[in-house]
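Structure, as structure tokens:
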There are 6 protein chains.
Amino acid sequence: MAQSTVKAKMVDHRGRRLSHVAPDGSVRMVDVGGKPVTQRRALAQAIVRLKPQALKAIRQRAAKKGDVLLTAQIAGIAAAKITSQLIPLSHPLPLTHVDVRCQPRGTDTIHIECAASCSGRTGVEMEAMTGAAVAALTVYDMCKALDREIVIEKLQLMEKSGGKSGRFRRAEKATLPGDKKRP
Amino acid sequence: MAQSTVKAKMVDHRGRRLSHVAPDGSVRMVDVGGKPVTQRRALAQAIVRLKPQALKAIRQRAAKKGDVLLTAQIAGIAAAKITSQLIPLSHPLPLTHVDVRCQPRGTDTIHIECAASCSGRTGVEMEAMTGAAVAALTVYDMCKALDREIVIEKLQLMEKSGGKSGRFRRAEKATLPGDKKRP
Amino acid sequence: MAQSTVKAKMVDHRGRRLSHVAPDGSVRMVDVGGKPVTQRRALAQAIVRLKPQALKAIRQRAAKKGDVLLTAQIAGIAAAKITSQLIPLSHPLPLTHVDVRCQPRGTDTIHIECAASCSGRTGVEMEAMTGAAVAALTVYDMCKALDREIVIEKLQLMEKSGGKSGRFRRAEKATLPGDKKRP
Amino acid sequence: MAQSTVKAKMVDHRGRRLSHVAPDGSVRMVDVGGKPVTQRRALAQAIVRLKPQALKAIRQRAAKKGDVLLTAQIAGIAAAKITSQLIPLSHPLPLTHVDVRCQPRGTDTIHIECAASCSGRTGVEMEAMTGAAVAALTVYDMCKALDREIVIEKLQLMEKSGGKSGRFRRAEKATLPGDKKRP
Amino acid sequence: MAQSTVKAKMVDHRGRRLSHVAPDGSVRMVDVGGKPVTQRRALAQAIVRLKPQALKAIRQRAAKKGDVLLTAQIAGIAAAKITSQLIPLSHPLPLTHVDVRCQPRGTDTIHIECAASCSGRTGVEMEAMTGAAVAALTVYDMCKALDREIVIEKLQLMEKSGGKSGRFRRAEKATLPGDKKRP
Amino acid sequence: MAQSTVKAKMVDHRGRRLSHVAPDGSVRMVDVGGKPVTQRRALAQAIVRLKPQALKAIRQRAAKKGDVLLTAQIAGIAAAKITSQLIPLSHPLPLTHVDVRCQPRGTDTIHIECAASCSGRTGVEMEAMTGAAVAALTVYDMCKALDREIVIEKLQLMEKSGGKSGRFRRAEKATLPGDKKRP
């Protein structure tokens, strides 16, 4: 098969491509050496759905010590910092900020948001997504004795800015109060 | 407030408790030193939902080299092995097996399953969940240039066996063909 | 110089030796393959001395959310689990339990204790010491904006059991209430 | 309780605050994205106190191969490089230099100093402190068979420069010969 | 193509197979859960070839402090302990012993040997190979300013015992004096 | 012995020196704080020699899924990113690109090349060398059941550019088609 054909197939109708796959069938880390250093920011979200009784137990502790949510927050921050050790083709990025927030919402969900920032040559989506994922996994871990059917839902990117592809904002709004309201 | 009251509040109506939270408000790693060593197994799942065009690009590659899915598989296995470095209160476990499978299903989803096994004193749910999560994040990473609205859904435990709480099997069935059919 | 002389010099008057140094001048990991698997436990301590104002700020938060101390606790547990990645000649050990406690004492100290347990062929002193050290460093990190002269003092082993050298208990008593009183 | 009251409580009489704790009770990584990149340097110290016989054994080896002290030095450098993986709210920093020195002093102490440098947006105190701590723990590990009562004392910051808070120099002087005398 | 044909192709004329590749084209960690726990041992070797002048510089230091070789030794031990974090389909193994030795031989080579032991369900070849490789890379790193054409040669397994495939001993002999002669 | 004599001995006849060894017998990380940030690039190579039958098994898979070689590629990229955690005196570098390629050549070798790039104060040779080494070890791991006598040969630097010592290019040519031909 001709190489041009293979190339064509990795590109969708708008000309966007699977950036980590080379025509010769190998995978690759994108070379970002030629990109300018800009301020990057990304916000990701995860929703943990659990039984009302389990959430109640967390809320009661949270009113006092916040143990489960604080542990999840710390785990998310720590994971965001080592994203490049978890995601094979991601770049190491010197994060300047990671913020993970975990809040019970309604009777059966905990909403988790992870914001990551960096002054760098490539985006911080993976850092935000990884931080949200590991915070959610930590909630799962600490509550699994109470509820074995916990589901982590809607792990997704909410916002992103700083790259040449411009600002992205998911139509669906972020559910936790924004960063700006934080002191 | 009396200590017994605090204790009561961490326990749900069936007497199950937030196992990682101590009455004094600190968190803790459960002491598993007294538990017997048994054969543990867990199976977790994640579903990655993406645009049909993005999935098509992956399928075309997969038909040839399987790059995205194979990279996700390897990332999931590697992450499962370092679960205790990601989840603060989880125990280090000498895994004897991790198996991650990633398959496109229908026009817009990739189903990911991670099975983990160990001969140990505590369960391997977190290893299976972490492996599935990081495999899904890797698919996200490799496809995000094609589709920025990818959602990771239903990251959840499907089956678990080997602990004193008995076998758990989620009512909803695992969607990928079972382990037994693998050679 | 004859090899026997070199050997003699590494041994103190009771015949104990620098276990990690070989006569040929290289260092070594002790071979524990021939030792029996026994239940090991160790307890280490660190004292963080800081200005009364800084401690007051922590206490006020602790009364509400416990942020600094809980973060230190989690960091200590996480560090204990990766001790063999930090201490060059230590053995990887499958810890069955790590417990870190942090308590303000008097007007200007925080006492930290880390207990570690394992069913293994060698002791868990290093895990307990490392957990206490990193918990103390985390308190330092979170309070350094309030007090740049914080000192970490008396990072030391308090108790140890399970090895052939028998039980060790430092004459000076552990200052935090014992494990047995925990639920 | 009004938010302003909570805020007030985290601030000491000079207006300095617990920088890693948010008023809503969560912890946070400080956002350093807006800080200028400057040359940062920090020097930390740890003192290991051990029995004269144990120190004598080390000195004799050191006169020949320097095993214990060189191993400690390497462990300290390695730990300084992964500080952001150990201290939950610290930032990843691209260190340009780490220097750990370990010297026996008198009959029963080993003095350890760790200097760290970086061109970055936040200070390198934690890197220096972590390097000194892990070097001290490594000395402990390698000598614990000779002396179980080793104490790590005075783990503390000696000097710091490069941030907006200006140069810090502890009144008590660093005990090892300065960097400038090194070739 | 029929599945049996694919299977056939992964097997050589003696019936041995690519153990980490499944017929469906995915890779896998071998399930060692059913294997017995036995005493495992492996010995690997690497030879670093460098210019006589560079070796002379190392020898002169080695006669005094052994810096390069001791640093390489420590790096090799540390790497062997995290083999399962480097080699995607390897199993985490609780090593009971790692021994790395580095010796100048002749005018232009340094011979490195890494022995690893474990009581486990699978072999420790990868630990021995990884330890030898990273020790060799460390020699390279420390000498590259003196000689940019250093070559790491003959990174290979010398001996292996403990598995069901029986003892393996390479015809070519290990060049460093054996373990038994060490005290 | 006078210090100047010691110094003299670490320097070869061209005045080059063991950059990581200090005259006082300790090792050190070179201080690169004063070096300019330039574009750095390095290319390293490893050759894996294995039995023709083993290579044939890989080729057959490669023609279909590329499993062994793709796994090796991913492992090499991941390892290059954590080089500073493996090589004691290397600096953490924010890599902008890593590219690992693995190709069967002739009847019994696999050629591996790792290219690394960075905008930084010191070279990326160690990243390229480490990536090539771990990719080769991964091939070894996945093929060792087919051939226990696999040898990793000629792990060496092929090219380097960007430092003050100028461009280096090994006389022996790189055997895989150059980067420029990649799309």
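Lettering follows sequence order; numbering is per chain, from 1. Since this is a predicted model, take the numbers as computed values, not measurements.
- Remark: E125(F) pairs with K160(F) by the salt bridge (Lys or Arg N to Asp or Glu O under 4.0 Å) rule, at least two apart or across chains.
- Contact detail for V151(E) and K154(F): the closest heavy-atom pair is CG1-CA, 3.7 Å.
- Remark: Y140(F) OH to L157(E) CG distance equals 4.0 Å, nearest 0.5 Å.
- With a threshold of 4.5 angstrom between heavy atoms, M129(E) approaches chain F through its backbone and through its side chain.
- The shortest distance between side-chain heavy atoms of F168(E) and E149(F) falls below 4.5 Å.
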Verdict with supporting geometry, L137(E) and L155(F), side-chain contact (heavy atoms from CB on, under 4.5 Å): CA-CA 9 Å; L137(E) 288 167; L155(F) 173 55; 4.1 Å; yes
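- Proximity to chain E is limited to the side chain of A133(F), based on heavy atoms less than 4.5 angstrom apart.
- Atoms CG and CG, from D67(F) and L89(E) in turn, are 10.0 Å apart once rounded to the nearest 0.5 Å.
- Side-chain contact between T138(F) and P88(E) is present, with heavy atoms from C-beta onward closer than 4.5 Å.
- For the atom pair R49(E) CZ and Q156(F) CD, the distance stands at 12.0 Å (nearest 0.5 Å).
- Taking CE of M142(E) as the start and CZ of R28(F) as the end, the distance is 10.0 Å to the nearest 0.5 Å.
- Per-residue heavy-atom pair counts under 4.5 Å with chain F were compared for M158(E), E172(E), K144(E), Q85(E), and the maximum is reached by K144(E).
- Once rounded to the nearest 0.5 Å, the distance linking CG of L86(E) with CG of L86(F) reads 5.5 Å.
- Of the atoms belonging to I82(F), it is side-chain heavy atoms, and not backbone ones, that fall under 4.5 Å from chain E.
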